[in-house]
Amino acid sequence: MKYSTAIVGAFALCVSEVVAFPAAAIEYAAKAERDARTNEELESAIASFEKTRRAVGFDAAAQYVSNQGQYAFNPPKNVNTPLGDQRGPCPGLNAMANHGYLPHNGVATIQQFIDGTYKVFGMGADLGAFLALYGAIFDGDLTKWSIGGPSIATPSVLGLLGEPQGISGSHNRYEGDASPTRPDLYQYGNDYKVIIKQFEQMFALQPDAATANYDLSVLTPFRADRFQQSVSENPYFFNGAFTGVAVQPAAYTFIYRFMGNKSAEYPEGRLDQETLKSFFSVTGTPGNFKWTEGYEKIPDNWYKRAIGDEYTIPFFLTDLLAAAAQYPKFLSIGGNTGTVNSFTGVDPADLTGGVFNADTLLEGNNAVCYIFQLAEQMAPDVLKGILTDVTRPMDMLTQGITQVLKPYNCPVLQDIDKSQFAQFPGAKGAY
Ligand code: HEM
Ligand SMILES: *[C@@H]1O[C@H](CO)[C@@H](O)[C@H](O)[C@H]1NC(C)=O
């Protein structure tokens, strides 16, 4: 793997400014050298993670995912009305509910999410548990939550300030900007309906049906393009700590890691055009694509991840860091300041009182520590908006995050300076 972008960028700056500022040139050279070291470290971290994976292999009987009988496709009724079935921004969860791997109404318990995501996609139980817990805390009633909007199955209960809003209603809590096919909330007024133009853009990454494979080598640059589109089109673009730096990468890596069809020939998966369309509920051909709300389907003869090769938290974080090494902006918490093309990143040192800083963010486990500790620091403010007493949800969240960070030996982050976010009008609800 190659992570040359940051280095090339640093040298480009160096060349253009070398005459006027020789001192700065020396600094840039030092930074370039540091980046090279960081990239080497990262490459070896990624390589050592790869070694922990068993040979993937393929077992058709164990990996086949049924879409027959009790798991036959059954579209939602009265989709996204308060009394109807809920479907939202997550095509994976929508497909699971359409095929009976989650309750058909789109409301499920933490355990149902853990079991279902393992059974259909081979998501690691550690990742399933953390993602489901996060949903229950921020978008549900601490035990269950909706994969779309509010539902009669998630009424307000004692301790909640109102009806749980589900993941469609969780902008800046769980749902964020610069998603693959879904719109930015403050640009389009909703955050879950596929924008055909964005799907077209993704589809066009692999135009040859015979060889198409939507893997990370095309999805990561696609993410960089989508990020830039939000910068240049959405005055309120906000790249939050959790929603931007942690969830946004999942929205891209999950496409290949989970939707890809595994086989003896492609044990890591091959995601072709038809399978992509099926999971995204899109029919037709380029120029005539049509999205049908709530019709995400598991294709016939589709095979999930190998048993023992689940997509776990360490696996996901390795993908997250590899993408960030290629495109350092992915780690930039910040946003536009009310006009397009005004993206300003918060300085990690200002935000964390110097516990973290931009130069060393990609070293060791710093990025992982930074993201999850920030999410924890920002949570109480967010939760105060939806619960009368934040003690119990904070205990649950702290437990979850402690579990995630256990292997990483993080520096202690006691406090953050939230005033840093005041310059971003699109950060509403994030702190
Ligand atoms: C409990 C587990 C899960 C939770 C809590 C969850 C939650 C979410 C949320 C909140 C979003 C919106 C993120 C954004 O704003 O960009 C999302 C998007 C997405 N999820 Fe999930 N998800 C889960 C499992 C899965 C699985 C198993 C898949 C398998 C394919 C998947 C695939 C995706 C994709 C591809 C997107 C991006 C959609 C787009 O914008 O085009 N997710 N998910
Ligand atoms: C998955 O791969 C197998 C083996 O190549 C193939 O028979 C099957 O049709 C594929 N499934 C899909 C949905 O493409």
Side-chain angles (χ1 to χ4, degrees), residues 58 60 63-65 67 88-96 101-102 108-125 127-136 138-140 145-148 166-185 191-195 198-199 201-202 214 219 222-223 226 230 240 242-244 246-267 269-282 291 296-305 311 316:
F58 179 69
Q63 290 174 241
Y64 169 71
V65 177
N67 61 358
C90 180
L93 299 176
N94 292 349
M96 287 165 60
Y101 289 101
L102 283 177
T109 64
I110 294 175
Q111 195 60 47
Q112 285 171 326
F113 283 112
I114 299 172
D115 295 344
T117 52
Y118 171 75
K119 194 164 179 186
V120 177
F121 290 104
M123 181 182 277
L127 184 54
F130 184 76
L131 295 180
L133 177 79
Y134 208 89
F138 287 92
D139 307 325
W145 48 276
S146 157
I147 67 175
I167 55 174
S168 296
S170 72
H171 186 62
N172 282 340
R173 297 202 299 269
Y174 216 146
E175 190 285 322
D177 291 336
S179 315
T181 70
R182 268 63 177 176
D184 287 7
L185 179 65
D191 60 13
Y192 69 92
K193 297 184 177 184
V194 166
I195 300 290
Q198 291 171 208
F199 183 83
Q201 195 183 338
M202 175 164 69
Y214 296 85
L219 291 171
F222 174 55
R223 179 179 164 207
R226 289 279 313 120
S230 287
F242 189 72
T243 55
V247 177
Q248 182 190 98
Y252 290 83
T253 67
F254 284 14
I255 295 175
Y256 175 65
R257 296 295 189 202
F258 288 135
M259 294 179 182
N261 179 39
K262 283 66 175 179
S263 61
E265 195 184 349
Y266 293 96
R270 176 180 169 210
L271 180 52
D272 69 10
Q273 294 181 339
E274 290 310 310
T275 298
L276 186 76
K277 282 162 56 185
S278 175
F279 275 119
F280 273 93
S281 190
V282 169
W291 173 69
E296 290 83 0
K297 285 191 185 114
I298 300 172
D300 294 339
N301 286 316
W302 181 84
Y303 298 85
K304 68 169 191 163
R305 301 189 64 80
Y311 197 55
F316 167 61

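Keep in mind that the numbers below use all heavy atoms, side chains included, and drop hydrogens, waters and symmetry copies. Order of listing sets the numbers, starting from 1, for every ligand and every atom in it.
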Within the 4.0 Å heavy-atom shell around [X], which atoms of ligand 1 are there?
X	answer
Ile255	35 (C)
Trp145	5 (C)
Phe258	28 (C), 29 (C), 30 (C)
Phe280	41 (O)
Thr181	39 (C), 40 (O), 41 (O)
Tyr174	5 (C), 10 (C)
Val247	13 (C)
Met123	24 (C), 27 (C)

Give me the residue, atom name and distance of the protein heavy atom closest to [atom].
atom	value
atom 27 (C) of ligand 1	Phe121 CD1, 3.5 Å
atom 9 (C) of ligand 1	Ile167 CD1, 4.1 Å
atom 14 (C) of ligand 1	Ser179 OG, 3.4 Å

Where the side chain of [X] meets the backbone of [Y], is there a donor-acceptor pair that is under 3.5 Å apart?
X	Y	answer
Asp139	Trp145	no
Asp191	Gly176	no
Lys304	Tyr118	yes
Arg305	Arg257	yes
Gln198	Pro180	yes

- Polar protein atoms near atom 21 (Fe) of ligand 1 [N, O or S; cut-off under 2.8 Å]: Cys90 SG

- Task: May I ask you to identify, for Gln248, whether its side chain, its backbone, both or neither come under 4.0 Å of ligand 1 on a heavy-atom basis?
- Result: neither

- Test side-chain contact (heavy atoms from CB on, under 4.5 Å) applied to His171 and Thr243, step by step: CA-CA 8 Å; His171 186 62; Thr243 55; over 6 Å; no

- Mind checking what makes ring-ring contact (aromatic ring centres under 6.0 Å, His included) contact with Tyr101, not counting sequence neighbours? Tyr71

- Message: Using the ring-ring contact (aromatic ring centres under 6.0 Å, His included) criterion, which residues pair with Phe316? Sequence neighbours excluded.
- Response: none

- Query: Should the ring pair Tyr252 and Phe222 be called parallel, tilted or perpendicular, given that the plane angle runs from 0 to 90° and is split at 30 and 60?
  - Reply: perpendicular

- Parallel, tilted or perpendicular, as decided by the 30° and 60° cut-offs, for the rings of Tyr174 and Tyr134: perpendicular

- Ring centres of Phe121 and Phe254 under 6.0 Å apart? no

- For the atom pair CZ (Arg226) and CG (Asp184), what is the distance rounded to the nearest 0.5 Å? 6.5 Å

- Task: Starting from the C-alpha separation in whole Å, work towards a yes-or-no answer on side-chain contact (heavy atoms from CB on, under 4.5 Å) for Tyr311 and Leu127.
- Result: CA-CA 8 Å; Tyr311 197 55; Leu127 184 54; 4.0 Å; yes

- Query: Has Gly135 got any heavy atom lying under 4.0 angstrom from an atom of ligand 1?
  - Reply: no

Would you mind listing each N/O atom of ligand 2 next to any protein N/O under 3.5 Å, plus the distance?
unit_1	atom_1	unit_2	atom_2	d
ligand 2	2 (O)	Asn261	ND2	2.4
ligand 2	11 (N)	Asn261	ND2	2.8
ligand 2	11 (N)	Asn301	O	2.7

- Task: Any chance you could lay out the side-chain contact (heavy atoms from CB on, under 4.5 Å) test for Trp291 and Thr181, step after step, and finish with the verdict?
- Result: CA-CA 11 Å; Trp291 173 69; Thr181 70; over 6 Å; no

- Message: I'd like to know if the side chain of Thr275 pairs up with that of Asn261 as donor and acceptor (distance under 3.5 Å, no hydrogens or angles considered).
- Response: no

- Message: Run the side-chain contact (heavy atoms from CB on, under 4.5 Å) test on Leu93 and Thr117 for me, step by step, so that the C-alpha distance in whole Å, both residues' side-chain angles and the decisive distance to 0.1 Å come before the verdict.
- Response: CA-CA 8 Å; Leu93 299 176; Thr117 52; 4.3 Å; yes

